[in-house]
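Accompanying notes for the structure given below.
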Amino acid sequence: MIARLVGWLDARLGTAPFVRSALRKAFPDHWSFALGEVNAYCFLILVVSGTYLALFFDPSDAYRSTVRLSFEVEAGLFVRQLHHWTALLFVAAILAHAARVFFTGAFRRPRELTWMLGVLLCGAAIFEGFAGYSLPGDLLSGIGLRIADSVALSIPVVGTWVSGLALGGAFPSAQMLPRLFVAHVYLLPAAIAGLMLAHVAIIWRQKHTQFRGPGRTEANVVGAPLFPNYALRSFALGTGVLAIVCALGAIVQINPVWTYGPYVPWQALSPAQPDWYLSWLEGALRLSPAWEPHIFGHPIPPVFWPGVVLPLVGGLIFFLWPFLERAATGDDREHNLLDRPSDAPLRTAIGVAALTAFAVLTAAGADDVLSAATYVSVFTIANIFRVAVVVLPLLFGAIAYLLANRGPRDARAERTRIIRNAAGGYDEEPVA
Amino acid sequence: MTIEERPVAAALGASILASIAFAVAFALHAGDGWLGATAAIACAGICIALGYWGLRLAPQTQVTEPRESFASEAGDDVVPPVSRGGLLWLLGAACAALGIAAIFPLRSLGPRGDAMGLRSRWRAGMRLVDPDGRPLDASSLNVDAVVTAFPEGFIGDEASQVVLVRVPERLIAYSKVCTHAGCPVAIYRAKERELVCPCHQSVFDVLDGGRVLAGPAPRALPQLPINTASDGGIVAAGDFDARVGPDDWDAT
Ligand code: FES
């Protein structure tokens, strides 16, 4: 059957040589390579479940249609919760995948382009997630949008224009949610799909990186063939992800908007947190000083630094990292063999410091929850975080540097193999 | 079926049963919990089957592929030479002009006229009413009572919302829009007589003109001058004493 289908296609398109080589493509065996695939599966699940939800959701009657699709549509609540859980997992898997690529130096020449597309994907996924959880028009997300609008307004010179063009009027405008809906179901998914396609196409063309090991060189790639071994494992991963988000969607409640109520401008919730991947920005807003300088008589509001400058500068450093590292090390060679984190102590230290800062800011975004749980005043907790966000990254970065510099001994030493020769003695030969 | 195939078959069988159960659960209106649980089992069955198959049953072959080097001599001949280079510039200019022209319709996305920014509706003599439209009465507010108020006729207007606090001897009204990022300043701490914004915990001193005591807010809460009317109602004596809400570039 399959053979006949392949033959039918080959007679018309000449696809057999491609299919033959594609099915024998080598996929290096390492668990960390599966993180990127988790993203692809998450995106597929999001598109399918999101399409189902979009058929019941009405952005001009956002809150009521969300409650209706949760309680009156059979399977509605299940799919909505599954969609939300998958979105959280999606961003988490992107970050985990990016960390793997960063700490193993997989972004180095010739893969700078793949890395940059990946950083754009990460940004698009975060915007997509924010647009998605802001859609229901509930009190919690309405306040989030209010803050986002203030951040947009804080941009020097063009802030009022950015906000006005986005909302079509002062917050909360009637067009706000319908426009967000277009962005969430059309513009951003299309962008993510396009970026993902380019990202994967480049990986396919350049072939995977691989860790050092016997028989593995810069000039080859060793691994399981796509068919059947790798395909079986990959589909197992996809169905595994689906099983997990199904279970979460069924059992673990998420974003119960009916307990928050619809957005009205004079009400607020406390404590209130955004989805986890935005908590670092929320934390930065909470920790930043009440500093409002004036330029030529125009104020630069305090939300500008944590809300605009921090993510933009952080994202830009992230985006350009391959080139920054090359400028620092002068290493412009091609690298198809991966580093271990201990092979590049400084890079590892910087990565650990960045992750630590991210984690501290994320925790600071929940300082009101911590305060409620510990009975320590929220202001004391904020002050502790203000110190921690400077000290901990330096500390953990330094520890990572020292650990990496010592390294496991076998990563530093020449690796050799001992072979018994015909004469009964032993020879030592180096291993690639 | 061989013995080693049995785990795979069992997992796939369980998956089929779970899928049937999913359909039955839907037909019987069993609820979202059952739908999710059966779907999870159906997926997990396939996951386990494929995983076992891929890691245990399928021969663990390894393939080695050579890597091609892509760098070829990218000389001047990759792009065929274009004659009429002068026209090429003009073509570029035309495309750029078209692109710039296409930006103009974006203006339609924005507000008409100058409907931007928060504009308070308060004028002297306007009555304070609660969110349900009932006029507020000074005598009905005990010490440390806090209510949200609007100008009569503008209920729900974001820029005009006011938090009215009764302290001993006095009634004080502040804009409820936080000067940090615009959240409603919704928490009142009676013991300290402070208003706290739940978003990033800015703290404002009720007894001292809404001064910022802590947190990231850059300015005091604008205060609304109020009077008590002869019938016990509360009326505004004018507009806020400062601009409402967070600052932006155009706030001067
Ligand atoms: S909005 Fe009030 S503290 Fe940020």
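Here is how names work: the chains are called A, B, and so on, in the same order as the sequence lines, proteins then strands, and each is numbered from 1.
Counting heavy-atom pairs closer than 4.5 Å to chain B, the top-ranked of the candidates A/H294, A/Q206, A/E334 is A/Q206. For the set A/A247, A/S154, A/P110, A/P156, the entry with the most heavy-atom pairs within less than 4.5 Å of chain B is A/P156. Counting heavy-atom pairs closer than 4.5 Å to chain A, the top residue among B/P198, B/C199, B/A159, B/A25 is B/C199. When A/A268, A/P172, A/G223 are compared by the number of non-hydrogen pairs under 4.5 Å with chain B, A/G223 comes out ahead. Of the listed residues (B/A58, B/S108, B/A37, B/P131), the one with the most heavy-atom contacts under 4.5 Å to chain A is B/P131.
The sulfur atoms (SG) of B/C197 and B/C183 lie 2.5 Å or more from each other.
B/D132 places no side-chain N or O within 3.5 Å of a backbone atom of B/R134 that could act as its donor or acceptor partner. No donor-acceptor pair closer than 3.5 Å links the side chain of B/R121 to the backbone N or O of B/E152.
For B/I46, the parts lying under 4.5 angstrom from a heavy atom of chain A are both the backbone and the side chain. For a residue to count as touching a neighbouring chain, one of its non-hydrogen atoms must lie under 4.5 Å from one of that chain's; by this rule A/R205 touches chain B with backbone and side chain alike. In this structure, the portion of B/Q161 lying under 4.5 Å from any heavy atom of chain A is its side chain and not its backbone. Using a 4.5 Å cut-off between heavy atoms, A/D149 does not touch chain B at all. Of the two parts of B/A186, only the side chain, counted from C-beta on, holds a non-hydrogen atom closer than 4.5 Å to a non-hydrogen atom of chain A. With a 4.5 angstrom heavy-atom cutoff, B/V203 touches chain A only via side-chain atoms. Heavy-atom distances place no part of B/L57 under 4.5 Å from chain A, backbone and side chain included.
Identified by a heavy-atom distance below 4.5 Å to chain B, the contributing residues of residues 225-233 of chain A are A/P225, A/N229, A/L232, A/R233, in residue-number order.
Shown here for A/S288 and B/P216, the closest heavy-atom pair between the two residues is O-CB, 3.5 Å. Scanning all heavy atoms of the two residues, the minimum distance from A/Y52 to A/V73 falls at OH-CG1, 4.1 Å.
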Residues B/D208, B/R193; criterion salt bridge (charged side-chain N to carboxylate O under 4.0 Å, His left out); working and verdict: CA-CA 10 Å; B/D208 189 12; B/R193 300 243 150 75; over 6 Å; no
A/Y41/A/T239 under side-chain hydrogen bond (donor to acceptor under 3.5 Å, both in side chains): CA gap, chis, key distance, verdict: CA-CA 9 Å; A/Y41 287 118; A/T239 43; over 6 Å; no
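A donor and an acceptor atom, one from each side chain of A/N220 and B/T64, are nowhere located under 3.5 Å apart.
Ring centroid separation for the pair B/W122 and B/F154 does not come in under the 6.0 Å cut-off.
In this pair, A/F27 and A/H208 present their aromatic rings tilted. The plane angle is within the 30 to 60° band.
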